[in-house]
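Residue numbers count from 1 along this sequence.
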Amino acid sequence: MKQEIIFITEAAYICVRQGQLVVHNKIDFNELLFFFEDIALLVLENPKINITLKAIQHLNRNNIPVICSDENLFPSSMLMNLHGNQVQNELLRQQLNASLPLREQLWQQTMDSRNNNQLEMLYSTGKSGLNKHNGFSFDNALNDNEFSYQSYISTLFGTEFQPSGLHSLTRSHLDYGYGILKAAITNSLVGVGLLPTIGLQGQNSDEVYGLSANVMEPYKPFIDEVVYRFYVSGDIEAGLNQENKVQLLDVLNKEVIVGDKKETLVSALSRTTSSLVDCYRGNGQRIIYPKFAQAG
């Protein structure tokens, strides 16, 4: 079921009234009301937004990610529930003590899913035949994740997009979308009791939220698809405006394939993190990731 993604860009007052979240616009005095169970994400982008502690408490209680933007209007921080799961201590011990073979197996599955989704993304744009010419290869994905990604992204956007620097407008759109994804995934990981800072490759990573970054890999092509659409249509030249941000945020409501069923991407996140918990506990052997499917 499609959920509400609340994106607030104007001065507003946010509170709780009769069990609902109330967003009061300070400019035109309009009010919007939302049931907490219908909210997938709340993004705060204006420095003149005021939010009550009661509203924050309700948002945390319902495990709703709240993303705050910096002065450049990019996602920079998020509110996180410190009591996300009642069995967190036991699960954290299992996560920290996960064997090397298990972590390697989960990393392999993650890269396989990422690679398949990237390839489907290229097929959907008609660029599947260009991969050999542009050096796009999955061969080194496990050992050189950055090289593999840069080769793929150069294939997608053209040979002028060299690893030394993507086009600034395209890069900013990708970074914004990835930032939203990372926040949603981090929130989901904490919600099931996992520590998002300990990645599948252990602590040997420059990424602060290692597990979030790992789990995000198969989800990136869903953002790439939207940015590529901006690129082809020329909409990207308008910059990272509000309209483009709304479309990037709405990726969370995109229909994806999980197993043999269609679900929204935000629902797929829950399936992914819950299956990861099963793997750490020894109750499962595979992480469930969504599949990228071409339109039609």
Side-chain angles (χ1 to χ4, degrees), residues 3-16 21-24 26 34 36 39-85 88 92 168 171-199 203 205-217 219-220 222-223 226-227 239-242 244-253 265-266 269-270 272-273:
Q3 291 184 284
E4 298 283 356
I5 297 172
I6 307 174
F7 180 40
I8 305 178
T9 60
E10 297 182 337
Y13 174 71
I14 304 172
C15 62
V16 176
L21 186 73
V22 179
V23 179
H24 175 84
K26 294 181 181 179
F34 304 90
F36 285 95
I39 303 173
L41 180 74
L42 173 62
V43 181
L44 308 178
E45 195 174 86
N46 193 300
K48 295 183 179 179
I49 293 172
N50 300 109
I51 183 169
T52 67
L53 179 58
K54 187 174 182 180
I56 293 173
Q57 291 169 341
H58 276 69
L59 290 161
N60 272 335
R61 191 176 302 132
N62 286 273
N63 199 35
I64 298 168
V66 180
I67 300 174
C68 302
S69 300
D70 60 19
E71 62 275 10
N72 296 316
L73 307 182
F74 257 76
S76 62
S77 61
M78 66 179 290
L79 301 180
M80 192 174 296
N81 193 340
L82 295 178
H83 306 286
N85 195 284
Q88 192 166 31
L92 285 180
S168 60
R171 181 76 266 174
S172 64
H173 281 73
L174 291 171
D175 286 345
Y176 186 88
Y178 294 162
I180 295 298
L181 263 185
K182 183 184 289 185
I185 289 170
T186 299
N187 185 76
S188 186
L189 288 168
V190 172
V192 296
L194 291 172
L195 192 64
T197 56
I198 305 298
Q203 295 176 304
S205 172
D206 295 331
E207 173 62 56
V208 175
Y209 291 98
L211 188 57
S212 302
N214 294 158
V215 172
M216 185 172 73
E217 287 295 329
Y219 285 88
K220 281 184 176 180
F222 298 102
I223 293 293
V226 177
V227 177
L240 190 57
N241 56 25
Q242 183 174 335
N244 288 356
K245 285 181 179 179
V246 168
Q247 292 188 56
L248 287 168
L249 287 167
D250 202 45
V251 169
L252 294 178
N253 273 323
L265 190 139
V266 73
L269 285 179
S270 297
T272 295
T273 53

Inset, instruction - Measure from the side-chain N and O atoms of Asn253 to the backbone N and O of Gln3, and report whether any donor-acceptor pair falls under 3.5 Å. - result: yes
Legend entry - Nearest-0.5 Å distance, CG of residue Leu181 to CD1 of residue Ile223: 4.5 Å
Legend entry - All side-chain hydrogen bond (donor to acceptor under 3.5 Å, both in side chains) counterparts of Asn50, not counting sequence neighbours: Lys26
Inset, instruction - Can you establish whether the number of heavy atoms outside Tyr176 located under 6.0 Å from its atom OH is more than 12? - result: yes
Inset, instruction - Flag the pair Val251 / Tyr219 as yes when at least one side-chain heavy-atom distance between them is below 4.5 Å, and no otherwise. - result: no
Inset, instruction - Let me know which of Leu195, Thr197, Asn214, Leu189 forms a side-chain contact (heavy atoms from CB on, under 4.5 Å) with Tyr209. - result: Thr197
Inset, instruction - Specify the closest pair of heavy atoms between Asn187 and Asn63, including all atoms of both residues, with the distance to one decimal. - result: ND2-O, 3.0 Å
Legend entry - Gap separating the CE atom of Met216 from the OG1 atom of Thr186, nearest 0.5 angstrom: 8.5 Å
Legend entry - Nearest-0.5 Å distance that lies between atom NE2 in His173 and atom OG in Ser168: 10.5 Å
Legend entry - pair Ile39-Asn62: side-chain heavy atoms closer than 4.5 Å: no
Legend entry - side chain to side chain contact (heavy atoms under 4.5 Å, CB included) assessment of Leu248 paired with Ile180: CA-CA 8 Å; Leu248 287 168; Ile180 295 298; over 6 Å; no
Inset, instruction - List the atom of Pro75, the atom of Ile67, and the distance in Å for their closest heavy-atom pair. - result: CB-CG2, 3.7 Å
Inset, instruction - For Asn72 and Phe74, indicate whether the former's side chain and the latter's backbone hold a donor-acceptor pair under 3.5 Å. - result: no
Inset, instruction - Provide the closest heavy-atom pair for Ile5 versus Ala40 in the form atom of the first, atom of the second, distance. - result: CG1-CB, 4.4 Å
Legend entry - Side chains of Val16 and Gln57 in contact at under 4.5 Å (non-hydrogen atoms): no
Inset, instruction - Decide yes or no for Val226 and Asn244: does some side-chain heavy atom of the first lie under 4.5 Å from some side-chain heavy atom of the second? - result: no
Inset, instruction - Search all heavy atoms of Glu10 against all heavy atoms of Ile49 and return the closest pair with its distance. - result: O-CG1, 3.7 Å
Legend entry - Flag side-chain contact, heavy atom, 4.5 Å: Ile56 against Val66: no
Inset, instruction - Using atom types as modelled and distance alone, determine if a side-chain donor or acceptor of Thr273 lies under 3.5 Å from a backbone N or O of Leu269. - result: yes
Legend entry - Reference residue Cys15; test side-chain contact (heavy atoms from CB on, under 4.5 Å); the match among Val22, Leu21, Leu53: Val22
Inset, instruction - Indicate yes or no: at least one non-hydrogen side-chain atom of Leu44 is less than 4.5 angstrom from one of Ile14. - result: yes
Legend entry - Check: Leu174 and Arg171 side chains under 4.5 Å, non-hydrogen atoms: yes
Inset, instruction - State, to 0.1 Å, how close Phe7 and Gln242 come at their nearest heavy-atom pair, and which atoms those are. - result: CE2-CG, 3.8 Å
Inset, instruction - To the nearest 0.5 angstrom, please state how far the OG atom of Ser270 sits from the CD1 atom of Ile185. - result: 11.0 Å
Legend entry - Non-hydrogen atoms of Met78 and Pro65 that approach each other most closely: CE-CB, 4.0 Å
Legend entry - Inter-residue atom distance Leu42.CG - Cys68.SG, 0.5 Å rounding: 8.0 Å
Legend entry - Any Leu79 side-chain heavy atom under 4.5 Å of Leu59 side chain: no
Inset, instruction - Using modelled atom types only, decide if a donor and an acceptor are shared between the side chain of Thr9 and the backbone of Asn46 within a distance under 3.5 Å. - result: no
